[in-house]
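We're numbering straight along the sequence, starting at 1.
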Amino acid sequence: MKNNFIMGGSSAFHIIFSVTFIAILFGGHCVAGAHIAVDIINDIGPNVQLGLHCKSKDKDLGSQSLAPQQHWGFREAINIWETTLFYCHFEWGNQSKWFDIIYIKRDQWVCEHHDQCVWSIRPDGPCRLTGQEKCFPWHDAAI
């Protein structure tokens, strides 16, 4: 009877230890239910309409058209692998540019304590206004 009690206690210890270990190991990496919101502002210039089309590998958000200073945005779930990526194609005048508007490895920690990532779209490139303003160059290749 004493051996059964010890084995039972030992098994319970192993189960509790295993569950605790798994929780610690994956607890910091769990993003289930996490989302990132994006707000895009047309800051190209006065009287310049901005066309944009945002999508990921799996989801197409459709084409939009923004008047000067007009906003458009979306909210997207962060996948468990933290590889969520959305890119947008922007057009104005005779310009055609694109940029990764959500790149989780770049944006998640900057935007995690804010309601959304706010992007100002400018002729020289998009600027993330959330947190400390940071501007980025356009991607070189056309999509």
Side-chain angles (χ1 to χ4, degrees), residues 4-143:
N4 285 341
F5 177 73
I6 292 172
M7 284 186 66
S10 179
S11 294
F13 171 78
H14 283 92
I15 291 170
I16 291 170
F17 177 79
S18 297
V19 169
T20 303
F21 177 76
I22 290 169
I24 290 170
L25 182 64
F26 294 108
H29 299 289
C30 182
V31 293
H35 289 80
I36 188 166
V38 172
D39 182 37
I40 298 170
I41 307 167
N42 176 1
D43 280 330
I44 294 295
N47 303 317
V48 180
Q49 194 78 10
L50 177 66
L52 64 114
H53 189 164
C54 298
K55 58 185 173 178
S56 71
K57 182 178 81 171
D58 303 315
K59 192 174 194 179
D60 189 331
L61 301 176
S63 296
Q64 310 295 323
S65 182
L66 300 180
Q69 298 303 308
Q70 186 177 6
H71 294 239
W72 176 80
F74 63 97
R75 186 170 184 256
E76 190 57 40
I78 299 171
N79 67 32
I80 195 164
W81 303 277
E82 296 183 3
T83 57
T84 303
L85 175 68
F86 271 79
Y87 60 93
C88 296
H89 179 231
F90 298 93
E91 293 182 324
W92 69 93
N94 64 354
Q95 298 292 313
S96 178
K97 307 285 185 180
W98 74 280
F99 183 73
D100 295 331
I101 207 75
I102 294 179
Y103 177 56
I104 288 301
K105 293 184 187 309
R106 178 195 65 208
D107 301 320
Q108 181 178 12
W109 306 118
V110 173
C111 301
E112 79 174 332
H113 298 297
H114 298 83
D115 290 336
Q116 58 191 348
C117 271
V118 179
W119 288 94
S120 169
I121 306 304
R122 302 173 183 173
D124 292 337
C127 297
R128 188 180 55 214
L129 304 181
T130 305
Q132 184 175 356
E133 182 175 314
K134 183 170 182 180
C135 296
F136 297 86
W138 293 111
H139 289 302
D140 292 331
I143 54 172

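Qualifying side-chain hydrogen bond (donor to acceptor under 3.5 Å, both in side chains) partners for Q49, counting only residues two or more places apart in sequence or in other chains: S65. The side-chain hydrogen bond (donor to acceptor under 3.5 Å, both in side chains) test applied to T83 returns N79, not counting sequence neighbours. Applying the side-chain hydrogen bond (donor to acceptor under 3.5 Å, both in side chains) criterion to K59, with sequence neighbours excluded, gives E76. Residues passing the ring pair (Phe, Tyr, Trp, His ring centres under 6.0 Å) test with W72, sequence neighbours excluded: F74. With sequence neighbours left out, the side-chain hydrogen bond (donor to acceptor under 3.5 Å, both in side chains) criterion links R122 to S120, E133.
With hydrogens and angles ignored, the 3.5 Å screen pairs no side-chain donor or acceptor of D60 with any backbone N or O of H53.
The aromatic rings of W138 and F99 stand perpendicular to each other, their planes meeting at an angle above 60°, with 30° marking the opposite boundary.
Between W119 and P126, the shortest heavy-atom contact is CE3-CB, 3.8 Å.
Within the structure, no pair that satisfies the salt bridge (Lys or Arg N to Asp or Glu O under 4.0 Å) test touches residues 37-48, not counting sequence neighbours.
The closest side-chain heavy-atom distance from H89 to Y87 is not below 4.5 Å.
Between the CD1 atom of I41 and the CD atom of Q70 there is a distance of 11.5 Å, given to the nearest 0.5 Å.
For the side chain to side chain contact (heavy atoms under 4.5 Å, CB included) with C117, the lone residue among V110, T130, L129 that qualifies is T130.
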